[in-house]
Amino acid sequence: MVAELADFKQTDPTWSTNPPYDLNNIILSTRLNHSEDCGDMYGYGCAVTSVADVFNTYGNTTLSNDDELNPGTLNDWLSGSFKGFVGCSIYWDVASAAIEIGDPENIYRNNKVNWPEGMQKIDEALNGNDLPIVGILVNNGIGTHYVVAVEKLPDVDGKPDYKIIDPALYPFVENDPGNSGQSLSQVYGGFDNVFQVVVYKKGSTPQNTLAIGGHSPIHLFITDPLGDMTGFNLETDEIIANIPNSSYGIEPGIVPVDGHDSPSKEKKYFQLTNPTEGE
């Protein structure tokens, strides 16, 4: 288990409105991507807040522009010239540059019933004192939420379980941990609801990475200079990831876990680390 865990809350009025039910009165600086088309950090800032938790726990207290690192300043950084959002969804690789760390490993479940690769990715990260960010299907699968896994726990009904840091807290109360310290199975129904694992490795160095994001109704299908392919294959109606060091998956839109608003747009996301030279 990693000591001195950061536990920011996306609902903290320092960087969000509280509560944000009147969308017409939300100030632009609290919206993801500083865009009127995006929701407020209060309801939709779980991914940004989870990244801030991980980076801060790794000992990074300032961003590359020398601002103090917290969910609000990270949202500002991603919303600026670094262009860290595709629409209202985070570019996971771009966030790495905020503290000049290596781009994350990114693995998707892609509708697999059994997903030992996901469990292995989480366990490997925790064994190496890294903190995996875990995407979870919530509200009966209509949207997603992101938390940080911090400790492996005994299995529940034969499925892996983990202690979590949860950025959601409705309503916000200062120094209230909310669901943090509880287990994935207690709060979000267990490992079967996990659809994505994102791992930033502390101490890693920046890499050359190609990332492409888009929203429905598109799919992405990429062929590298050697003829390997990753993405959604229309001919076989399946997702493949045959390009080395690549990943592709579907991220359903983030939804406020208190149910006060609808999900954001779904995202299709391709990532390739150290791509081969060529077209």
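Keep in mind that this is a model prediction, so the values were computed, not measured. FYI, the numbering just counts along the sequence from 1. Side chains included, hydrogens not; waters and symmetry mates left out as well; all remaining heavy atoms used.
Side-chain atoms of N233 do not come within 3.5 Å of backbone N or O of D237 as any donor-acceptor pair. With hydrogens and angles ignored, the 3.5 Å screen pairs no side-chain donor or acceptor of N60 with any backbone N or O of T62. At least one donor-acceptor pair under 3.5 Å links the side chain of D130 to the backbone N or O of K202. Between the side chain of R31 and the backbone N or O of H34, no donor-acceptor pair lies under 3.5 Å. The closest donor-acceptor contact from the side chain of T230 to the backbone of N242 lies under 3.5 Å. Under the 3.5 Å distance criterion, the side-chain polar atoms of Y269 are left unmatched by any main-chain donor or acceptor of Y91. No side-chain donor-acceptor contact under 3.5 Å links Q196 to the backbone of N110. Under the 3.5 Å distance criterion, the side-chain polar atoms of K267 are matched with a main-chain donor or acceptor of I90. Under the 3.5 Å distance criterion, the side-chain polar atoms of D12 are matched with a main-chain donor or acceptor of T14. Put simply, the side chain of S204 gets close to the backbone of G102: a donor and an acceptor are under 3.5 Å apart.
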Practice task
List the steps and the verdict of ring pair (Phe, Tyr, Trp, His ring centres under 6.0 Å) for Y146 and W92.
Solution key: CA-CA 13 Å; Y146 288 92; W92 300 103; 5.2 Å; yes
Practice task
Quick one: do D7 and K9 satisfy salt bridge (charged side-chain N to carboxylate O under 4.0 Å, His left out)? Show the steps, please.
Solution key: CA-CA 7 Å; D7 187 11; K9 300 302 181 186; 3.1 Å; yes
Exercise for the section: Report the C-alpha distance between E105 and K201 in whole Å, list the side-chain angles of each, state the deciding distance to 0.1 Å, and finish with yes or no for salt bridge (charged side-chain N to carboxylate O under 4.0 Å, His left out). Expected result: CA-CA 8 Å; E105 293 183 280; K201 294 187 176 181; 3.4 Å; yes
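In terms of heavy-atom proximity, V198 sits nearest to P104 at CG1-CB, 3.7 Å. Annotation for T236 and E238: closest pair OG1-CG, 2.9 Å, computed over non-hydrogen atoms. Heavy atoms only, all atoms of each residue included: P275 and L210 are closest at CG-CB, 4.4 Å. Taking all atoms of both residues into account, the shortest heavy-atom contact from P263 to G253 is CB-O, 4.0 Å. The two residues M119 and P160 come nearest to each other via the heavy atoms SD-CG, 3.7 Å.
Between Y42 and Y170, a ring centre-to-centre spacing shorter than 6.0 Å is recorded. Aromatic rings of F195 and W115 (six-membered ring for Trp) have centroids beyond the 6.0 Å cut-off, not under it. Annotation: W77 is not in aromatic contact with F55 [ring centroid separation under 6.0 Å not met].
Linking Ile, Leu, Val, Met, Phe, Trp and Tyr residues whenever their side-chain heavy atoms come within less than 4.5 Å leaves L169 and L74 in two separate clusters. Connection of L5 to Y200 is established within a shared hydrophobic cluster, with ILVMFWY side chains joined at heavy-atom distances below 4.5 Å, either directly or through further cluster members. Linking ILVMFWY residues whenever their side-chain heavy atoms come closer than 4.5 Å, directly or via other members, places I239 and I222 in the same cluster. Using a 4.5 Å cut-off between side-chain heavy atoms of Ile, Leu, Val, Met, Phe, Trp and Tyr, with links allowed through other members, V86 and F270 fall into different hydrophobic clusters. The hydrophobic cluster containing I250 does not contain V134, counting ILVMFWY residues as joined when their side-chain heavy atoms lie under 4.5 angstrom apart, directly or transitively.
The OG atom of S185 sits 12.0 Å away from the NZ atom of K163 when rounded to the nearest 0.5 Å. The structure places CG of N127 at 11.5 Å from CD1 of I122, a figure rounded to the nearest 0.5 Å. We find the CG-SG distance between N33 and C38 to be 5.0 Å, quoted to the nearest 0.5 Å. With rounding to the nearest 0.5 Å, the separation of CG in D228 from OG1 in T276 is 8.0 Å. Here N56 contributes atom CG and T49 contributes atom OG1; the two are 12.0 Å apart, rounded to the nearest 0.5 Å. In this structure, the separation between CG on D53 and SG on C46 is 11.0 Å, given to the nearest 0.5 Å.
Judged purely by distance below 3.5 Å, without hydrogens or angles, the side chains of S180 and D166 never pair a donor atom with an acceptor atom. If you check the side chains of D67 and T73, you find no donor sitting under 3.5 Å from an acceptor. Side-chain contact, Y44 with H145: no donor N or O sits under 3.5 Å from an acceptor N or O.
Side chains of M41 and P71 form a contact here, defined as non-hydrogen atoms less than 4.5 Å apart. Using a 4.5 Å heavy-atom cutoff, the side chains of K268 and Y248 are in contact. Counting heavy atoms from C-beta on, the side chains of F221 and I240 come closer than 4.5 Å. Two residues are said to be in side-chain contact when any heavy atoms from C-beta on lie closer than 4.5 Å; S247 and I107 fail this criterion. Between Y188 and V138 the shortest side-chain heavy-atom distance falls below 4.5 Å. Side-chain contact between L126 and P132: present, with at least one pair of heavy atoms (C-beta onward) separated by less than 4.5 Å. Looking only at side-chain heavy atoms (C-beta outward), E251 and T144 stay at 4.5 Å or farther from each other. Counting only heavy atoms from C-beta outward, the side chains of I133 and V147 never approach each other to under 4.5 Å.
No option in T209, D103, T205 other than D103 meets the side chain to side chain donor-acceptor pair (under 3.5 Å) test with S96.
Summarising the local packing, CG of D176 is surrounded by more than 12 heavy atoms from other residues, nucleotides or ligands at distances under 6.0 Å.
In this structure, K159 fails the cation-pi test against F191, since its NZ or CZ atom is not both closer than 6.0 Å to the six-membered ring centre and inside 45 degrees of the ring normal.
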